[in-house]
Every structure is written in C-alpha cells, then in structure tokens.
J.: 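Below is one structure. I have some questions about it.
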There are 2 protein chains.
Amino acid sequence: MGTNSDRSVGPASQKRGRRARDSLSRAIILEAAEKIATSEGLESLTFQALGKELSAHPTSIYRHFRDKDELVLELIDSLRSRSYGGNLQKTGSWRDDLRLISRHVREHYLRYPQLAFQMAARTTRRPMEFANVEFALDALLRAGLSPDEAVLHLRAFGNVVRSLSSMEASLLALDAETRKRDELAWEVEYRQLPAEEYPHIASLAGQLTGVGDPRIFDLAIELILDAIELHVSRRPVTPAEPEH
Amino acid sequence: MGTNSDRSVGPASQKRGRRARDSLSRAIILEAAEKIATSEGLESLTFQALGKELSAHPTSIYRHFRDKDELVLELIDSLRSRSYGGNLQKTGSWRDDLRLISRHVREHYLRYPQLAFQMAARTTRRPMEFANVEFALDALLRAGLSPDEAVLHLRAFGNVVRSLSSMEASLLALDAETRKRDELAWEVEYRQLPAEEYPHIASLAGQLTGVGDPRIFDLAIELILDAIELHVSRRPVTPAEPEH
DNA sequence: AAGTGATAGTCAACGCCGCTGACTTGCGCT
DNA sequence: AGCGCAAGTCAGCGGCGTTGACTATCACTT
C-alpha cells in the first residue's frame, strides 16, 4: 500500500490523488473519449489513454461501461447527433438534395474513420437515420421515380454513398506509412509493369491515381444521378406527380 | 484434444520437435494462413495460431515475411487468383465485361467475408490486381472513354464494386442475431413511424427492403454502366482516340 | 456520533497481440 | 573436415482489453 498516512489530504495536495467518489460518470467519460478520438484518432482511444485523460485508473471505466464496445457504440450515437444537426434543408432540386446528403454522410464518416465501417453496415433505427431516409426518399420521388423504383434506388444510392464513404474513411484509418506505400504504388510500381502483358496500364500508368483520390466519390455520385435522370427522362408517361 | 507433439516416440526421434531446415516456405505458410482465415476468420489469423497450425514457432514466420501486413497482402492475392484466376475472358461487349468482373469480385468477397474489408481498401500490387485493372481499363476504353476519363472511371467503378461487395460481405460477417434484428427493423420499426413526421416512410414502409437486399448491387452496377454509356453517346466527336 | 454495508476507484495480474534480438542448429560449400 | 550462415527457436518487450480482489469513501442506520 502507498504510505499515504494522512488520508485527509489538503486541497492542493492531490499527489496520490484517488479521484473523489462519484466524480466519474458515463457523460464525463464520453466527453473525454470524444476529445481523444477527435484529436488523436480513434485508434488512440484506449483505456489507458482514457485513464490518463481523466486522471483516473484505466479500469475505473469498467464501473460505468460493461466493455469497450458499449463505450464505442455510445460514443457513435453522441457524435452523430452532433455532426448531423438540422442541416437537411430541401433546395428544390432533387439532384442538389441527394448531392447534399451524400456529402454530409461522407464528411461525417471521414471525421470518424474508425467508426465508419460500423456506421455503414448497421441499422441504427434512430431519429437521424429516419430523417435521412425520409429526405432521400422525397428527393427520389421528386425526381420522378415511381414508389417501387424509389425504394430500390434509395438503397442503391444509399449503399453506394455509405460504402464508398466507409472505404475512403478506412484508408484514413490505416497508419500513415501503410497508406503512403499503397498510394505510391500507383505512381511507382504500376509504371514498371511490362507493356506486353499490361498494355493499357503501361500507357496510362502516369495518370493512374490512388484509390483514395477524393474526386472518385463525386464522380460516382454524379454517375448515379445521371443514370436516374436518364431513366426518368426515358419514361413514356410521367406518373401521377403530386408536385405542385 | 491437443495431444499432438508427442516427444517420446517420434519417427525420427526429434528431441525438441524443431522443424527440419527449409521445411517452411512462403507457400506453405500461406496455405496454413488460408486454412485459418477461411475457417475462423481473419481476426483469428495470428502468428501464434499460424505457429500452431504449422507446428512451428510463431516467430519462424518472420524468416519468410517481413511483417504481418506482407503476409496478409500475399494471402489476399493468392485467394484472388484461386477464386477467379483464368476467368477473365473478353466477351466483346464492354458492358458485359464490366458486369462480369463486378460479379467475380462480389462473389469473391462474399466467399471470404472476413477478408473483404481489407481486400476492398488495400492495394496489393500483385499479379491478379494488375490483371483486373488491365481488364477493366480495356473495357472502359472500348466503351469509348478517353484515356483520362477511363482512368477516373476505372476508379469510380472499381471503388463502387469493391466497397459495395465489402459492405455486403460485412453483413454476412455479423453474427446472425444482430443481422436479423437489423433487417427486421425495416419491416417492423419503420412501419410504426408517425406519418406526420415521415410521410414517405409511412406510405412506403411495406416495400422498404433491408440494406442487404442482393438486388441492390446489380442495380447500382447497371446505373453506373448506364451513365457511362450515356456520357459516351453524348460525346460530339467519335470516341476513336488513335493517338495521344 | 459510531458503525456498517454498498459502491466507486484502484491495482496487480492474466492472456492475448505483433515484433525484436540473441541464441542454436544443421545444411551445403569449399 | 569444418566453417559460414540461413533457418528455426526462444525469452522478452510493450501494448491491448479484461478480471477479481482490495480499499477508500459516502449514505444510511442506530
């Protein structure tokens, strides 16, 4: 045991500072977790880092969260509501609306790369998810898709947005060195491939970009929006359109 | 149970069961790695598990691979060639070719759900990756895209294919109970949302499918192919680009 | 005001993980 | 014949999440 004979320590001497009773809570821990995750990345969110940030013993957190997973899920939810405020305003153009929401999702994922993978695949059934679905459905219906089509295109569009964002985010989550090596490959190793075997690669190697090129996301979104527009414009008769 | 490594009565009386010199190789290690990864998942592919599988000391692997990353990249590409090694035959139709390769990739990812995430984001710089890139580039150029466009569209198409496949695969990797709960949400919880706040969801709830609906992938691919075709058909001049 | 019991914070330790550097072994070459 | 050196081994480092025992503290009784 520590030789802290005087247990009633003075106000200034917290050297052997055990935290005061009830001075921790889920909210306080989540606040510290967010600070770490946003400043150093979520890969640095460890119990030891949390303990340091809180000036508490790392395992104290187990008094408030069953395990790390519970902590992370709780963190996700608190971050999402902070990130997606009430920024979903219709512009009048369905294309702009879908572009807008895709950018929101992508930015949110890129802000929290470590969580992106979970966010992309899981269904959270929470207000922000409901609002996103409603918003996108509205845009697709205004584009002129039938309800049946809108439902399926919502999934195609949404899955593309979320999965692309998640993938881009996962690149950020790789450690810097690995990422650099991967991206550099497209500029170095691909240039050295034999032209006999890979003629197109050989002739285009100088222009090949890495898979993390930010232009890719925008292009993919525009391609899908183009296709939707094309599809609607080819429709023989415009279905009953409630738009005033 | 693990009554292996009997030291008493050995055929060659190896006192310590040290593996014979040169009895390990990259190929042999990769074979064991594949066995572990496909049966228990990539997260179970550890050096200790590998050592056990090979009856070798875990660190022996470091004689053949610089680090775990190199091993994983090599494993991915070896699985890839096994999965669709010689199946990339041009059909004459660029649309069919891109569809073909997208199906190959998707099936491959669904076959190895645990690896899909890594496969989607990482650049392996190995033969099967080269072959895929060459094949898709050829199709995009035949579609009529300029080299500049082809390079960027290769990325958009490829990223969509890989990230969608990876997301779909990740659903398979979730434990069954979680998956069922998520999919059920679209059939149950979404039907109960108030129509005042979410009118579209309320009216379409019966038709909303889960994010894992297999039709989504095909639709997304067709949308992108449609958009490419549209883009080329709108080009004022013939797409023939004999010289740079 | 003393005592007590529940509980929050602490601590050492466990078993994993990837990885390193020093060692031993034994094959192939001269 | 014996030497060099690559291949296999081994103890150990630092980090991770997690556990169960310990201890301080506070609210409530008496």
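In what follows, chains carry the letters A, B, and so on, assigned in the order in which the sequence lines appear, proteins first and then strands, with residues in each chain numbered from 1.
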J.: Does some side-chain heavy atom of T209(B) sit less than 4.5 Å from a side-chain heavy atom of R215(B)?
T.: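 R215(B) reaches T209(B) side chain to side chain.
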J.: Would you say L30(A) and F65(A) make side-chain contact, with heavy atoms under 4.5 Å?
T.: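 Result yes, sub-4.5 Å side-chain heavy-atom pair found.
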J.: Considering every strand and a 4.0 Å limit on heavy-atom distances, what is the contact class for L71(B): base, sugar-phosphate, or nothing?
T.: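 Here L71(B) touches no strand at all.
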J.: Between C1' on dG9(C) and CZ on F65(A), what's the gap in Å once rounded to a whole number?
T.: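 Result: 16 Å.
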J.: Measure from the side-chain heavy atoms of D67(B) and tell me the nearest of dC19(C), dA21(D), dA7(D).
T.: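 Selected nucleotide: dC19(C).
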J.: Rounded off to whole Å, could you give me the CD-to-P distance for the Q48(A) and dT10(C) pair?
T.: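 For the pair Q48(A) CD and dT10(C) P, the rounded distance is 15 Å.
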J.: Rounded to whole angstroms, how far apart are CG on D22(A) and P on dT7(C)?
T.: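 My rounded result for the distance is 11 Å.
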J.: In whole angstrom, give the distance that lies between atom CZ of R18(B) and atom C1' of dT25(C).
T.: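 Taking atom C1' of dT25(C) as the reference, CZ of R18(B) is at 5 Å.
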J.: Rounding to an integer number of Å, can you tell me how far R66(A) CZ sits from dA8(C) C1'?
T.: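 Spelled out: CZ on R66(A) to C1' on dA8(C) is 18 Å.
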J.: Looking across every strand, which nucleic acid part, if any, lies under 4.0 Å from R19(A) by heavy atom: base, sugar-phosphate, or nothing?
T.: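 Result for R19(A) = sugar-phosphate.
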J.: Heavy-atom nearest nucleotide on DNA chain D for P58(B) versus F47(A): which residue maps closer to 5'?
T.: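 That would be P58(B).
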J.: Establish, with yes or no, whether the OP1 or OP2 oxygen of dG9(C) is under 4.0 angstrom from a side-chain nitrogen or oxygen of S23(A).
T.: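 For dG9(C), OP1/OP2 do have a side-chain N/O of S23(A) under 4.0 Å.
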J.: Between H57(A) and dA8(C), is there a side-chain N or O to OP1/OP2 distance below 4.0 Å?
T.: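 It does not, given that no N or O in the side chain of H57(A) lies less than 4.0 Å from OP1 or OP2 of dA8(C).
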J.: Does the ring center of Y190(A) lie less than 6.0 Å from the ring center of Y198(A)?
T.: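 No, the ring of Y190(A) stays outside the 6.0 Å limit from the ring of Y198(A), centre to centre.
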J.: Rounded to the nearest angstrom, tell me the gap between atom CG in L50(A) and atom C1' in dT18(D).
T.: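 Computing the L50(A):CG to dT18(D):C1' distance gives 15 Å.
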J.: Do R19(B) and L54(B) have side chains that get closer than 4.5 Å, going by heavy atoms?
T.: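 Side chain of R19(B) against side chain of L54(B), heavy atoms only: contact under 4.5 Å found.
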J.: Which nucleotide, dC19(C), dG8(D), dA8(C), lies nearest any side-chain atom of Y62(B)?
T.: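 So the nucleotide nearest the side chain must be dC19(C).
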J.: Between S44(A) and R63(A), just flag the one whose closest nucleotide in DNA chain D comes earlier from the 5' side.
T.: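 Looking at the nearest nucleotide for each, S44(A) comes out on the 5' side.
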J.: What contact category does S60(B) fall into here, base, sugar-phosphate, or nothing, at under 4.0 angstrom with non-hydrogen atoms?
T.: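 Since a base atom lies under 4.0 Å of S60(B), the category is base.
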J.: Could you tell me whether the side chain of T59(B) has a donor or acceptor atom within less than 3.5 Å of a complementary atom in the base of dC19(C)?
T.: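 A donor-acceptor contact between them is absent.
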J.: To check you understand the geometry: which heavy-atom pair defines the closest contact between P214(B) and E168(B), and what is its length?
T.: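 It is CA-OE2, 4.2 Å.
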J.: From the set dC26(D), dA7(D), dG17(D), return the single nucleotide nearest to any side-chain atom of R21(A).
T.: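 Of the candidates, dC26(D) comes closest.
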